[in-house]
Amino acid sequence: MTDIAPLDMSKFKYKTRRRGPLKWLLTTGWRHLLGLVIVVYTIFPILYILSTSLYPNNDINDTTTLFAAISWDNYDALLANEDGSRPFTAWYINTVIIGVLTSIGSVFLSALAAYSFSRLRFKGRRGGLMSLILMQMFPSILGLVAIFSLMSDIGEVFPQLGLNSQLGLVMVYMGGALGGGTYLMYGFFNTVPKEIDEAAKIDGASHARIFFTITLRLVAPVLAVQMLLSYIGVTSDYVLASILLSDPEKLTLATGLQSLINDPYSKDWSMFTAGAILAALPTVILFLFLQKFITSGLTAGATKG
Amino acid sequence: MTKPKKVKPVYPVSVAGVIWKIATLGIVDAVVFFMIMVMVAQERITEAIVAVIVALIINWIYLRRGGLPAKYLAPGVFFLIIFQVYVLLFSGYTAFTNYGSAHNGDQNLAIQTIKNAAYRVVDGGEDFVVVAGTDSKDGKPALLLTSNLDNKVYLGKDGQQKVEIPEGNYTLAEGCADPYAEDTTTCAHAAATAVGFTPAKVSDLTKFQLRKYYSLRVVIDPANPNLGIQTGDLATASEIQATLSFDEKTKFFTALEDDENGKFMAGDVFKPAENGYYHVDGKIKNAHLDAGWRVEVGLKNFETIFTDEQLRAPLMKVISWTFIFAFATVGSTFLMGMAIAFLFNHEKLKGKRFYRSIMILPYAFPAFLSAYVWVGLLNKEHGFVNTVLLGQPADGDNNIPWLLEEGPARWAVLLVNLWLGFPYMFLIVTGALQSIPAELTEAARIDGASPWQSFRLIKMPLLLVSIAPLLIASFAFNFNNFTIIYLLTKGGPNDSGVTDYDVGGTDILITFVYKIAFSGTGQNYGLASAFSILIFIVIGTLSLISFRRTRTLEDIN
């Protein structure tokens, strides 16, 4: 052991002389200039729909100046739902319910599976993980025929679970839980030291107790990020929802908002943009607050290797 | 040294745990029991038996000692088997059948469909307003009929003659029997319910029940079973004359009348043929009835894919564009994301948080919404891109027909996908960059490496090692990126008149296959499934090979 403290480099960095404008331009200035260009490219479509949603008219293509006028008319009209054909609030609630149920359910299912892959040794473990990864390669869109016919068959016996049922949609999403999350979660469980399990076991904890009160708690932040990502994935799904749900009252935001601009004769861009802003708001806010976690959740697979 | 013997872990059992387990299992069993009862009530015996077996397996898994992995895997695997494994097997099987809009069930369903449609309304016959429901005495499906001729009310049941209900035993509906009646005060009212009859709510009926109503035929003349009263919409019923008769023993149909279009004559016998249709005399060259059933066709669908002249040119085009699209998307988003990551990855740069917050927006914004917004922005006549960014007048002659012509549409799709995709790449490259130890680049600098050298020889290789699996995943994702193509262009602009298939300039394989399965009149699930299997094999092999090479799978052990 040595007593020498590591050299603190930061002390030296701040002792440099104040730089002139040219120096600034050469080191970070040009980065800001390029950054500005990128910011404009990134943000103009979003500013544009924000501006259109606040513009009291009926056409996304009418305005050429951003924020030429500001009014809440579109939002009022959307939420009022006067002719009863666009139950926006119902779509919103549906989406939140479906998203929350699915994300909790599927993260729970894949956590269970990941735990067994990470902590238990059994025959077919490796093969199981491999086939989960492989199964994900099957283009889910192409399973639509099968899913549709399966759901319509289920619906003949149990209308509550079949076509046009939100519970049925949640079940279909849950089917993707294992393929989607297990492998990632498996990596996280591996980072939790096994010694903790061992210690708890010696103290007399059952396996369920270890799993629910120790392991799950330790990976809780990861579970939260996974839930968020799963929630976002589910709430922006368009294809499955559009095939399985048909009642206007039962639609999700993705399918409901689409119905606002789908019909070429009654396109309502302003309402659509207002709806889009309201629909995107919670996810965008969550993203901004949790961006650190999300970034680490995304790169978990990458930086491990 | 000998290997230490594997000791099976023994976990202690707690009382609370057992109670939880029993309670949960009890609830599951109760639900399953209820479901089995429903199945039995609907005469679905096979399904009920399967459900019983599944329930037994679940109970066995959780009630026995040991077998821990199964306890943790069972819930996920249950859903996986129903919605993924089954779906995969079903698609695999469908690829070898002629499943499609004309062949969408088994022979019994086809027989029922044919029977339910094989009649014509008798000219000048009596017709009725219908309420569907059940006979309160025996619970069998029944129709409450109100004659449009004399407003008399009858109860009609399958295979029986209609029974008149005396006045006073039925209640009239509030609205007019004829919804188009001009004079709503004096119009005739139909019966809504009656003594001994329980009306049903049509929207609550299952398909199983609906079919029973559609096949319900009230007898008019016991001597002539081909005459009857039948409903096709559960709102009205008419006197009908059957055009086909069905023999329950031989399962043959016999034409009772000449076909209007002269395709077959009265007395022709329809027999099932191996192509899944009822043909006259069972010979494929003869006329057939409309509804068919699903039969196995062997490799015919795959044969079509590889030999059909109509398919070859569009398929080649679609495949090449799919690869261009996937490569260009991964390449462009990665390059841009990486460039920006390096741009902002500077220790003295202020406002990094701000930049990152902005960069994350396209990723946070739900993709389906972005797609629609871009459709608006790229509108040819008034779109923001044409009118403001490119400074063209609205409706100008030189406006770029984004999304309307093949060339610009392809560029548009790529540009939009770049906008959608680069934030993700930026995030993962930034994350990977930050995990490269500073000492490495520091050491390189001290050894006299130029920034370019340290980028090319140190950062890039490290970056690629850690990001390669995500790039492969991104490729696989974009190869099948249905949402963006379908929502932006629906695969269009359409190549009309070139081929029989519905195909367009920006169609990638997956959208093309989707259209084969779901759009237009000739929905061909069999062919689409054959395509899915091929795509699955291609993508699966590509990914497996590249995953192997990047050694991601190694840490599975």
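Quick caveat: nothing in here was measured; it's all calculated off a predicted structure. The chains referred to below are lettered A, B, ... by the order of the sequence lines, with proteins before strands, and numbering in each begins at 1.
With a 4.5 angstrom heavy-atom cutoff, Ile147(A) touches chain B via backbone and side-chain atoms both. Only the side chain of Val239(A) comes within less than 4.5 Å of a heavy atom in chain B; its backbone stays farther off. For chain A, no part of Phe477(B) is nearby; none of its heavy atoms comes within less than 4.5 Å. Only the side chain of Leu132(A) comes within less than 4.5 Å of a heavy atom of chain B; its backbone N, CA, C and O stay farther away. Residue Phe34(B): no heavy atom, backbone or side chain, is found under 4.5 Å from chain A. Neither the backbone nor the side chain of Phe479(B) comes within less than 4.5 Å of any heavy atom of chain A. No part of Leu228(A) comes within reach of chain B, as not one of its non-hydrogen atoms sits under 4.5 angstrom from that chain. Interface remark: Phe78(B) contributes no atoms to any contact with chain A (heavy atom separation under 4.5 Å). For Tyr41(A), the parts lying under 4.5 angstrom from a heavy atom of chain B are both the backbone and the side chain. Neither the backbone nor the side chain of Phe108(A) has a heavy atom closer than 4.5 Å to any heavy atom of chain B. Looking at Met336(B), the atoms closer than 4.5 Å to chain A (heavy atoms on both sides) all sit in the side chain, from C-beta outward. With a threshold of 4.5 angstrom between heavy atoms, Ile243(A) approaches chain B through side-chain atoms but not through N, CA, C or O. Both the backbone and the side chain of Pro45(A) come within less than 4.5 Å of a heavy atom of chain B. Contacts between Ser131(A) and chain B at a heavy-atom distance below 4.5 Å are absent for every atom of the residue. Within the 4.5 angstrom heavy-atom criterion, only backbone atoms of Leu415(B) (N, CA, C, O) approach chain A. The part of Phe117(A) that comes within reach of chain B is its side chain, from C-beta onward, which places non-hydrogen atoms under 4.5 angstrom from that chain. Proximity to chain A (any heavy atom under 4.5 Å) is restricted, for Leu487(B), to the side chain, taken from C-beta onward. Residue Trp20(B) does not touch chain A at all, counting heavy-atom pairs closer than 4.5 Å.
With chain B as the partner, the residue from Ala114(A), Gly233(A), Ser149(A), Ser152(A) showing the most heavy-atom pairs under 4.5 Å is Ser149(A). The most heavy-atom pairs under 4.5 Å with chain B, out of Ala113(A), Gly29(A), Ala111(A), Ser106(A), come from Ala113(A). Per-residue counts of heavy-atom pairs under 4.5 Å with chain A were compared for Tyr514(B), Phe531(B), Tyr486(B), Tyr525(B); the largest is that of Tyr525(B). The choice from Asn480(B), Ile535(B), Ile537(B) that makes the most heavy-atom pairs within less than 4.5 Å of chain A is Asn480(B). Across Tyr238(A), Phe158(A), Phe211(A), Phe122(A), the residue that shares the most heavy-atom pairs under 4.5 angstrom with chain B is Phe158(A). With chain A as the partner, the residue from Ser370(B), Ser91(B), Pro69(B) showing the most heavy-atom pairs under 4.5 Å is Pro69(B). Of the listed residues (Asp237(A), Leu109(A), Leu288(A)), the one with the most heavy-atom contacts under 4.5 Å to chain B is Leu109(A). Between chain B and the options Ser118(A), Gly175(A), Ala280(A), heavy-atom pairs under 4.5 Å are most frequent for Gly175(A). Of the listed residues (Pro366(B), Ala476(B), Ala70(B)), the one with the most heavy-atom contacts under 4.5 Å to chain A is Pro366(B). Contacts with chain A were tallied for Ile510(B), Thr483(B), Thr94(B), Val513(B); Ile510(B) has the most, counting heavy-atom pairs under 4.5 Å. Your options are Leu257(A), Thr283(A), Ile38(A), Ile43(A), and the one with the most heavy-atom pairs under 4.5 Å with chain B is Ile38(A). Chosen from Ile358(B), Leu343(B), Val87(B), the residue pairing most often with chain A at heavy-atom distances under 4.5 Å is Leu343(B).
Side-chain atoms of Leu361(B) and Val284(A), non-hydrogen and from C-beta on, do get closer than 4.5 Å to each other. Put simply, the side chain of Leu471(B) reaches to within 4.5 Å of the side chain of Met425(B), judged on heavy atoms. Put simply, the side chain of Trp374(B) reaches to within 4.5 Å of the side chain of Leu378(B), judged on heavy atoms. With a 4.5 Å cut-off on side-chain heavy atoms, Thr273(A) and Val373(B) do not count as touching.
Taking the six-membered ring where the residue is Trp, the centroids of Tyr48(A) and Phe44(A) are separated by 6.0 Å or more.
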Side chain to side chain donor-acceptor pair (under 3.5 Å) for Tyr99(B) and Asn524(B)? Distances and angles first, verdict last. CA-CA 7 Å; Tyr99(B) 190 22; Asn524(B) 192 339; over 6 Å; no
Apply the test ring-ring contact (aromatic ring centres under 6.0 Å, His included) to residues Phe344(B) and Tyr355(B): give CA-CA distance (whole Å), side-chain angles for both, the deciding distance (0.1 Å), then the verdict. CA-CA 8 Å; Phe344(B) 291 153; Tyr355(B) 283 123; 4.3 Å; yes
Should Leu427(B) and Tyr363(B) be marked as a side chain to side chain contact (heavy atoms under 4.5 Å, CB included) after you check the CA-CA gap, both sets of side-chain angles, and the distance that decides it? CA-CA 10 Å; Leu427(B) 290 177; Tyr363(B) 185 60; 4.2 Å; yes
Test side chain to side chain contact (heavy atoms under 4.5 Å, CB included) applied to Phe272(A) and Gln258(A), step by step: CA-CA 8 Å; Phe272(A) 169 77; Gln258(A) 204 247 3; over 6 Å; no
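With 3.5 Å as the limit, one finds a donor-acceptor pair spanning the side chains of Thr252(A) and Thr255(A). For Tyr115(A) and His207(A), the side-chain atoms include no donor-acceptor pair closer than 3.5 Å. No side-chain donor from either of Tyr86(B) and Gln84(B) sits under 3.5 Å from a side-chain acceptor of the other.
A donor-acceptor contact shorter than 3.5 Å links the side chain of Asn164(A) to the backbone of Asp247(A). In terms of modelled atom types and a separation under 3.5 Å, the side chain of Trp419(B) and the main chain of Pro362(B) share no donor-acceptor contact.
Shortest non-hydrogen contact noted between Val157(A) and Gln42(B) is O-NE2, 3.5 Å. Closest of all the heavy-atom pairs between Lys350(B) and His32(A) is O-CE1, 3.1 Å.
Note: Phe83(B) and Phe79(B) have parallel aromatic rings, judged against thresholds of 30 and 60 degrees for the angle between ring planes.
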